[in-house]
Structures are given as structure tokens and as C-alpha cells.
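Written below as C-alpha cells is the structure these notes are about.
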Amino acid sequence: MISENCDFQEFVNAVKGKDLVDIITLTDREATGAQRLRYLAPDAMARPHATCEQYANQLKGLIVFLRHGVKKSCIKDQDLEPFAEHCGKTPKFTM
């Protein structure tokens with residue numbers, strides 16, 4: 001995983017400058033890893049469940065935006081700014 005702490009900004013900084021296909025692939029892997037982290041990490045019981053779930057939902061929202069240009073309510077506008085410029089998309093509507 002890119003962000004073991006389930007930090008969306010850390011992930012964004014790590015994927016900046018990559019092409020669209022790579023970003024979507026890394027985001028998908030990261031979302032899967034975040035969901036599994038709650039159950040597989042040695043410190044899983046110490047990690048707040050909501051943090052990893054929220055992080056996974058943000059990542060899933062990013063994937064929807066990158067693929068379809070649709071902004072989901074689980075992701076903030078400022079979280080999409082680095083990708084909107086990269087992809088040439090602006091959110092069409094909120095789901």
C-alpha cells in the first residue's frame with residue numbers, strides 16, 4: 001500500500017504525475033488494500049475502522065471521477081483538484 005496510515009493526501013502526492021491508467025490501477029489496488037488492512041494488519045484492532053473505510057470510499061470515489069467525470073459525495077472537491085487538471089475533467093454532478 002502507498003499509505004499505510006489511510007491518508008488520502010499521502011496517496012495523492014504519491015500518484016501525481018502518473019498517467020490516467022496508472023492512477024486508476026494504483027487507486028483500485030489502494031482501495032482494496034485499505035479494506036483489507038482493517039482485518040489483516042497486526043495492529044488492526046488499534047486502527048479505527050472508520051478511518052480505513054472512509055479512505056477506501058474516497059479512493060472509490062476518485063476512481064468513479066477518473067473513469068466517468070462524476071463526483072461522488074464521499075469525496076471533496078479539493079481532493080479532486082489535482083486530478084481534474086490532469087484528466088481535463090470537471091465534476092458533472094454529485095451522486
Using 0.5 Å steps for rounding, measure from the [atom1] atom of [X] to the [atom2] atom of [Y].
X   : Y   : atom1 : atom2 : value
F11 : L26 : CZ    : CG    : 5.5 Å
I23 : I63 : CD1   : CD1   : 11.5 Å
C52 : E4  : SG    : CD    : 9.5 Å
E10 : N5  : CD    : CG    : 6.0 Å
T32 : M1  : OG1   : CE    : 10.0 Å

Specify the closest pair of heavy atoms between [X] and [Y], including all atoms of both residues, with the distance to one decimal.
X   : Y   : result
K72 : G61 : CD-CA, 4.0 Å
Y55 : A34 : CD2-CB, 3.5 Å
P82 : K16 : CB-CE, 4.2 Å

Check side chain to side chain contact (heavy atoms under 4.5 Å, CB included) between D79 and all other residues, then give those that pass, not counting sequence neighbours.
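So D79 forms a side chain to side chain contact (heavy atoms under 4.5 Å, CB included) with F8, Q9, Q58, I75, K76.
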Strictly distance-based, threshold 3.5 Å: is any side-chain N or O of E30 a donor or acceptor partner for the main-chain N or O of S3?
yes
Side chains of L62 and F83 in contact at under 4.5 Å (non-hydrogen atoms)
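Yes - at least one pair of side-chain heavy atoms lies under 4.5 Å apart.
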